[in-house]
Amino acid sequence: MADLDIGSYMQGLKLVANDAYFRSLAETLPHTMLVVDPDTYRIQYINRLQPGFTLEFVIGREVFDFVWPEYHDVYRNGFVEVKKDRQTKIIQSVGQTANGEKAWYRSHISVLPTVDGGLGSIMLIAEDVTETKKKEIQVYEKSEKLNAIINNTSDIICSIDLDYRLTEFNAVFERIVKARFNMELQQGMEILPLIDPNRKDHLINIYKRIENGETCYDLSDFELSTGGKVYFETSYHPIINSDKKIIGISIFSKDITERVKTEHKMKSALKEKEVLLSEIHHRIKNNLAIVSSLLQLQELNISNNEAREALSQSRKRIKSTALVHELLYRKESFESISLNEYITELFELLKTNNNIQLSLRGNDISVELKTAMPLGLMLNEIMMNSFKHSYKDALEGQTYIFITTENNDLRIEYRDCKGEFPKDVDFENAVSTGLSLIHTFAEQLNGKIELANHTPPKYIITIPLHD
């Protein structure tokens, strides 16, 4: 209701000479005006009716019939005071509409004097403030809900103005500042003194970016005065007013302390696992080396050439297996090895003449342990056949290996520069130990090996890279 000078209005009424003029004046008011009997408080006149009410229903009824019971004494006391001191009194009250809905009013109560200045009636001008009150309630309820949300979290939520002073903050931020600085947060407090001096320039840079309309994310940590450290993942957003101007910065900081601690534990456990795996592969390699050395000693004490050759080949197979474990413990990861590196070292390990060279071309593929082991043993058998047959009496030579991938298959083409695969040997149904092992390993890898050329020997190995 616009400010109403009731005193001036009452002085004007003293000049009113007839009811017709009074009524015409009352009907121009934007609010409801009632004239009430000063003794019975019954309504004598009303300038306008609320929807649902009739004049016959309203006139003659007590004014208390239209306000909630808890306000009866308030109005009664107000009437008494007005009659006593002739001063206008303002009352905030709740009433109801004709259909029983809740309504809010701001009432101005004054005395209507007689011509000679006596007590004529009581005038009550009621402003319907229901819509305003409903909006206030909505704003309040939304504010309470928002407060409940921002305080029912483990995250820091706050906002600052462009002078970097706190405008809003939640209980979490209060507790953290209390724990770290032993001080109470207040609106208008500068936020920079709460920041680690080493991070001030970094944060000011972020604030400047937000002022330019950006959204930023950052990681930070805080040392507590009670000891220990907490970690936060923070997002910064601009606050925009109705004129689309940036007036502040909202800050949401998620407590990731437990996540960081868990990550540290996992990294520590992973490092321990890696150290353990490295030690395991190292020991396996050393144990295989011991077995190889024992076989070599046995080989030196055997005069039978066929038995000595069998021990020699077994020793080389053990070395090719040990090589896989050696390559694994050399690396930081124990999931796979470089196929190119393995083939190169295996060839150097097995070759019988330093003038026999390896030409390795194509893709460098990483293969898992479950693939590397049988594939390495297969290549071991093929290489031993090369040195035994293709380069038996050769002073020099070269073996070509091409590695490619196609349709998720690993393709290895192995070719010697000289020699001949025996024409009387059935490659697919061979009975020799070496060829039997080659086919066994190919089957174990769900792959295949074919003899593509007899002179010089050429093999093509195809293996699926994944199951």
Side-chain angles (χ1 to χ4, degrees), residues 2-3 129 131-267:
D3 291 339
V129 294
E131 292 305 315
T132 301
K133 190 66 177 178
K134 285 182 177 179
K135 290 179 181 178
E136 290 177 357
I137 292 174
Q138 287 177 353
V139 171
Y140 175 79
E141 290 178 346
K142 287 182 179 179
S143 176
E144 287 300 302
K145 289 178 181 177
L146 182 59
N147 286 335
I149 291 172
I150 66 175
N151 287 308
N152 187 27
T153 177
S154 59
D155 305 336
I156 290 176
I157 301 177
C158 67
S159 61
I160 59 176
D161 59 24
L162 298 185
D163 293 323
Y164 311 149
R165 295 180 180 274
L166 280 171
T167 53
E168 299 289 344
F169 51 85
N170 68 344
V172 176
F173 196 23
E174 282 187 288
R175 289 196 298 269
I176 290 177
V177 171
K178 181 70 174 177
R180 187 182 181 197
F181 300 101
N182 194 26
M183 63 185 296
E184 301 293 336
L185 275 182
Q186 295 180 354
Q187 287 184 335
M189 180 182 291
E190 292 185 3
I191 196 170
L192 290 180
L194 305 177
I195 306 301
D196 184 338
N198 296 324
R199 287 179 50 81
K200 279 188 179 179
D201 291 341
H202 173 70
L203 280 181
I204 290 174
N205 179 57
I206 289 178
Y207 296 159
K208 295 296 183 184
R209 292 171 60 188
I210 305 304
E211 291 175 38
N212 291 327
E214 293 186 47
T215 295
C216 298
Y217 298 88
D218 190 39
L219 293 175
S220 57
D221 57 72
F222 298 92
E223 295 283 353
L224 299 178
S225 61
T226 55
K229 183 181 288 188
V230 291
Y231 299 84
F232 284 90
E233 185 178 61
T234 307
S235 62
Y236 301 85
H237 304 264
I239 299 174
I240 302 174
N241 66 6
S242 58
D243 295 327
K244 308 299 182 183
K245 293 182 179 179
I246 296 174
I247 60 172
I249 302 169
S250 64
I251 303 171
F252 297 85
S253 250
K254 183 176 182 61
D255 187 344
I256 58 170
T257 304
E258 291 304 316
R259 190 178 83 188
V260 171
K261 290 180 178 178
T262 300
E263 288 175 355
H264 286 169
K265 289 179 181 178
M266 291 177 64
K267 288 179 181 179

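Owing to the predicted nature of the structure, the values given are computational and were not obtained by experimental measurement.
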Open item on the list: Once you measure the plane-to-plane angle for Y164 and Y207, does it fall in the parallel (<30°), tilted (30-60°) or perpendicular (>60°) bin?
Closed with: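 Tilted.
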Mind checking the [atom1]-[atom2] spacing from [X] to [Y]? Nearest 0.5 Å is all I need.
X: E136; Y: E141; atom1: CD; atom2: CD; answer: 12.0 Å
X: F252; Y: H237; atom1: CZ; atom2: NE2; answer: 6.0 Å
X: E258; Y: K265; atom1: CD; atom2: NZ; answer: 7.5 Å
X: I156; Y: N170; atom1: CD1; atom2: CG; answer: 7.5 Å
X: L162; Y: I210; atom1: CG; atom2: CD1; answer: 11.0 Å
X: N205; Y: C216; atom1: CG; atom2: SG; answer: 8.0 Å

Would a 4.5 Å heavy-atom cut-off, applied to side chains only, mark [X] and [Y] as touching?
X: I251; Y: F173; result: no
X: I249; Y: I206; result: no
X: E174; Y: F169; result: yes

Is it true that a side-chain atom of [X] and a backbone atom of [Y] form a donor plus acceptor pair closer than 3.5 Å?
X: D218; Y: L203; result: no
X: T257; Y: Y231; result: yes
X: D243; Y: K245; result: no
X: S159; Y: E168; result: yes

Heavy atoms only: give me the nearest [X]-[Y] pair and the separation to one decimal.
X: R165; Y: G188; result: NH1-O, 3.1 Å
X: L219; Y: R199; result: O-NH1, 3.6 Å
X: L185; Y: M189; result: CD2-SD, 3.8 Å
X: I240; Y: I246; result: CG1-CG1, 4.2 Å
X: T167; Y: I160; result: OG1-N, 3.7 Å

Open item on the list: Tell me if the NZ atom of K200 is crowded by more than 12 foreign heavy atoms within 6.0 Å.
Closed with: yes
